[in-house]
Amino acid sequence: MSDDFYNRIGGEKFFSQLVEDFYVGVATDPILRPMYPEEDLAPAIRRLTLFLMQYWGGPSTYSEERGHPRLRMRHADFKIDAEARDAWLKHMMSAVEKLEMDEELREELVTYLVQVAHFLMNETPKEVNELSRDRKLN
Ligand code: HEM
C-alpha cells in the first residue's frame with residue numbers, strides 16, 4: 001500500500017461516503033440484500049467502513065471492536081459465487097466512480113477490492129461441479 005494512502009485519499013470522510021454509496025446499491029440488490037442478517041444495515045456499514053479505514057492506514061478501531069478481520073472465515077456463512085462477487089463489485093465500483101480521487105489511488109483501491117472479492121468466493125462454480133460429477137471425480 002502506498003505511503004499515507006489513507007490521508008491522501010481523504011481519510012474517514014472518503015471511506016464513509018464510499019461505503020454509504022455502496023450500501024445504497026446493496027439495499028435493493030436481489031442477490032446481496034437477503035444475505036444481510038440484520039434489518040438495519042447501519043451496523044454493517046460501520047463495520048466495512050472501519051475495516052477499510054484500518055486496512056488503508058487509518059485508525060485501528062475495526063480491530064479494537066471486532067478483533068482480527070479473518071475475512072474468509074467471516075464470509076463462510078454466505079454463499080459467495082461468481083454472481084454474488086460480481087453484484088458486490090458492481091455496487092462497489094459505482095460507488096468508487098462517484099467519488100473524486102487521484103487516478104493512481106483509484107487504481108490501487110480498485111485492484112485491492114477486486115482481489116479481495118475474488119479471494120472471498122467460497123462456492124464452486126456450477127460448471128466445475130458438473131464437470132466433476134460427469135467425470136465422477138468425487
Ligand atoms: C465478494 C462479495 C462479498 C459478499 C457477498 C459479501 C457479503 C458480506 C456479508 C453478507 C456480510 C455480513 C454483514 C455484516 O454483518 O457486517 C459481510 C461483512 C463484511 N464484509 Fe463482505 N462481502 C463481500 C466482499 C467483501 C470484500 C471484497 C471485503 C473487503 C474488501 C469485505 C469486507 C467485509 C467486512 C469487513 C465485513 C464485516 C466483518 C465483521 O466484522 O463481522 N467483504 N460481507
Side-chain angles (χ1 to χ4, degrees):
M1 160 195 347
S2 58
D3 258 9
D4 204 24
F5 184 100
Y6 179 74
N7 288 316
R8 283 169 64 211
I9 207 158
E12 178 168 3
K13 190 162 172 275
F14 173 86
F15 290 102
S16 300
Q17 190 64 58
L18 177 72
V19 177
E20 255 175 54
D21 287 349
F22 166 68
Y23 268 94
V24 171
V26 171
T28 57
D29 190 287
I31 300 171
L32 300 178
R33 185 63 186 92
M35 289 189 193
Y36 288 81
E38 290 160 315
E39 182 67 26
D40 177 13
L41 289 173
I45 292 177
R46 178 177 163 79
R47 287 190 281 269
L48 183 57
T49 305
L50 290 177
F51 169 80
L52 291 173
M53 285 167 57
Q54 172 174 304
Y55 176 82
W56 291 104
S60 48
T61 318
Y62 175 84
S63 282
E64 280 154 30
E65 292 186 3
R66 308 284 298 159
H68 190 283
R70 298 185 205 285
L71 285 189
R72 261 191 80 84
M73 191 196 79
R74 290 195 206 262
H75 287 79
D77 287 345
F78 314 118
K79 176 179 168 243
I80 308 187
D81 54 12
E83 226 186 346
R85 174 203 62 196
D86 291 347
W88 194 98
L89 281 172
K90 178 182 80 178
H91 298 301
M92 188 49 93
M93 290 309 134
S94 92
V96 169
E97 275 162 29
K98 272 197 211 139
L99 290 168
E100 300 258 339
M101 71 199 87
D102 276 5
E103 280 316 304
E104 183 201 329
L105 301 180
R106 189 189 303 273
E107 210 179 298
E108 202 173 339
L109 179 64
V110 166
T111 302
Y112 165 79
L113 293 166
V114 170
Q115 278 173 358
V116 182
H118 280 275
F119 158 78
L120 290 178
M121 283 206 295
N122 52 22
E123 265 295 298
T124 315
K126 195 167 134 263
E127 312 79 66
V128 176
N129 276 333
E130 281 168 3
L131 196 69
S132 63
R133 187 196 58 218
D134 293 348
R135 300 202 176 162
K136 301 195 168 35
L137 295 178
N138 55 48

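In what follows, every heavy atom counts, from backbone to side chain, and hydrogens, waters and symmetry copies are set aside. Both ligands and their constituent atoms are indexed starting at 1 by order of listing.
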ILVMFWY cluster, Met93 and Val24 together (side-chain gap under 4.5 Å):
no

Mind running ring-ring contact (aromatic ring centres under 6.0 Å, His included) on Phe5 and Tyr112 for me, showing each step along the way?
CA-CA 13 Å; Phe5 184 100; Tyr112 165 79; 9.1 Å; no

What are the two closest heavy atoms between Met92 and Phe22, and how far apart are they?
N-CD1, 3.4 Å

Here the atoms of ligand 1 under 4.0 Å from any heavy atom belonging to Arg47 are 14 (C), 15 (O), 16 (O), 37 (C), 39 (C), 40 (O), 41 (O)

May I ask you to check if ligand 1 and Tyr112 share an N or O to N or O distance below 3.5 Å?
no

Is the contact between His75 and ligand 1 made by the side chain, the backbone, both, or neither, using heavy atoms and a 4.0 Å cut-off?
side chain

Which residue and non-hydrogen atom of the protein lie closest to atom 32 (C) of ligand 1, and at what distance in Å?
Leu48 CD1, 3.5 Å

Could you tell me whether the side chain of Glu108 reaches within less than 4.5 Å of the side chain of Trp56, counting heavy atoms only?
yes

Less than 4.5 Å apart, any side-chain heavy atom of Arg72 and any of Leu120?
yes

Is the shortest side-chain N to carboxylate O distance from Arg47 to Glu38 below 4.0 Å?
yes

Is there a heavy atom in Phe119 that sits closer than 4.0 Å to ligand 1?
no

Which of the numbered atoms in ligand 1 are under 4.0 angstrom from any heavy atom belonging to Ala117?
1 (C), 27 (C)

Any idea which atoms of ligand 1 are less than 4.0 Å away from a heavy-atom of Met35?
5 (C), 10 (C)

What about Arg66: any of its N or O atoms under 3.5 Å from an N or O on ligand 1?
yes

Measure Leu71 to ligand 1 on non-hydrogen atoms and call it side chain, backbone, both or neither using the 4.0 Å cut-off.
side chain

What is the nearest protein non-hydrogen atom to atom 11 (C) of ligand 1, stated with its residue, atom name and distance?
Phe78 CE1, 3.5 Å

Counting only nitrogen or oxygen atoms and a 3.5 angstrom limit, does Arg85 reach ligand 1?
no

For ligand 1, which atoms have a heavy atom of Leu32 less than 4.0 angstrom away?
5 (C)

Looking at Glu65, I want to see if its CD is surrounded by more than 12 non-hydrogen atoms of other residues, nucleotides or ligands under 6.0 Å.
yes

Atom 26 (C) of ligand 1 - nearest protein heavy atom and its distance:
Trp88 CZ2, 3.3 Å

If we only consider heavy atoms of Tyr62, is any one of them less than 4.0 Å away from an atom in ligand 1?
yes

Return the option from Val19, Asp81, Asp77, Ile80 holding the heavy atom at the smallest distance from atom 1 (C) of ligand 1.
Ile80

Taking 4.0 angstrom as the limit, do Arg8 and Glu104 come out as a salt bridge?
yes

Heavy atoms, side chains only, cut-off 4.5 Å: are Asp29 and Trp88 in contact?
no

Heavy-atom count around Lys98 NZ within 6.0 Å, excluding the residue itself: above 12?
yes

